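Step one of this worksheet: look at the structure below.
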Amino acid sequence: MNHNFPGPERRRFPRLDYVTPLAYKICKKETIDRLLDGYTTNVSQAGLMCTIKDKVHEEDILWLSFDRDTLTICHDMEKDSLIYQSGVIGKVMRIKHQDDGSYSVGIQFITRQETHVPFVKPQI
């Protein structure tokens, strides 16, 4: 994934350090009824990094609920992101197992234009 964005971050959108509680669901038939928790570590208009205890896999689709009201960048994020029942829908892009048994997970928000995404509607 070499996009050649200018600047030291080499990302399309800058990330803000932002630690807040996170509730999420893994959008699969066997797990959709379980509300799980973790916390965000940083966020941008296109995605976030979070720490969670439950194992997920790359390409998993997650429903994410966190305090977006306090972030001014989230106003722009919500214009493009797929929002469902007050949560943001995202795809797991990166996973790193931590020494304490938790996982550091990079999530890319799914945009409203992405109509081909396999998605099980959460029953929240």
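The basis for the numbers below is simple: all heavy atoms, side chains too, and nothing from hydrogens, waters or symmetry mates. Values in this document were obtained by computation on a predicted structure and should not be read as measured data.
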task = Just jot down the side-chain contact (heavy atoms from CB on, under 4.5 Å) partners of Q98, sequence neighbours excluded, or say none.
result = K96, D100, S102, S104

query = What salt bridge (charged side-chain N to carboxylate O under 4.0 Å, His left out) pairs are there with at least one residue in residues 37-47, not counting sequence neighbours?
reply = none

note = Those residues at least two apart in sequence (or on a different chain) that pass salt bridge (Lys or Arg N to Asp or Glu O under 4.0 Å) with E30 are none

note = For T40, the side-chain contact (heavy atoms from CB on, under 4.5 Å) test, sequence neighbours excluded, returns Y18, T20, L22, L48, F66

query = Which heavy atom of L35 sits nearest a heavy atom of A23, and at what distance?
reply = CD1-CB, 3.9 Å

message = Could you measure the distance from the CZ atom of R94 to the CD atom of Q108? Nearest 0.5 Å is fine.
response = 10.0 Å

ask   = What do the steps show when you test D17 against T41 for side-chain contact (heavy atoms from CB on, under 4.5 Å), and what is the final call?
value = CA-CA 6 Å; D17 290 337; T41 54; over 6 Å; no

ask   = Which residues, ordered by chain and number, are linked to Y39 in its hydrophobic cluster, where ILVMFWY side chains connect at heavy-atom gaps below 4.5 Å, directly or through other members?
value = V19

inquiry  = Once rounded to the nearest 0.5 Å, what's the spacing between atom CG of L16 and atom CG of N42?
reply    = 8.5 Å

key: Donor-acceptor pair, side chain of S81 and main chain of T111, under 3.5 angstrom   = no

task = Let me see the working for K91 and D60 under salt bridge (charged side-chain N to carboxylate O under 4.0 Å, His left out), right down to the final yes or no.
result = CA-CA 6 Å; K91 179 169 46 172; D60 276 354; over 6 Å; no

Ignoring hydrogens and angles, write down the donor-acceptor pairs under 3.5 Å from the side chains of residues 50-58, residues two or more places apart or on other chains.
from	atom 1	to	atom 2	distance (Å)
D54	OD1	R34	NH2	3.3
D54	OD2	Y24	OH	3.4

inquiry  = Within the structure provided, determine whether V88 and L82 are in side-chain contact (heavy-atom separation under 4.5 Å).
reply    = no

query = In Å and rounded to the nearest 0.5 Å, what is the CD1 to NZ distance from I61 to K25?
reply = 16.0 Å

note = Shortest non-hydrogen pair, S86 vs S65, comes out as O-OG, 4.4 Å

task = Provide the closest heavy-atom pair for I26 versus L36 in the form atom of the first, atom of the second, distance.
result = CD1-CD1, 4.0 Å

message = For M49 versus G106, what's the shortest heavy-atom pair and its separation?
response = SD-N, 3.6 Å

request  = With sequence neighbours left out, write down each residue that passes side-chain contact (heavy atoms from CB on, under 4.5 Å) with H97, or none if nothing qualifies.
outcome  = Y103

query = Distance-only, no hydrogens or angles: does the W63 side chain make a donor-acceptor pair with backbone N or O of Y84 under 3.5 Å?
reply = yes

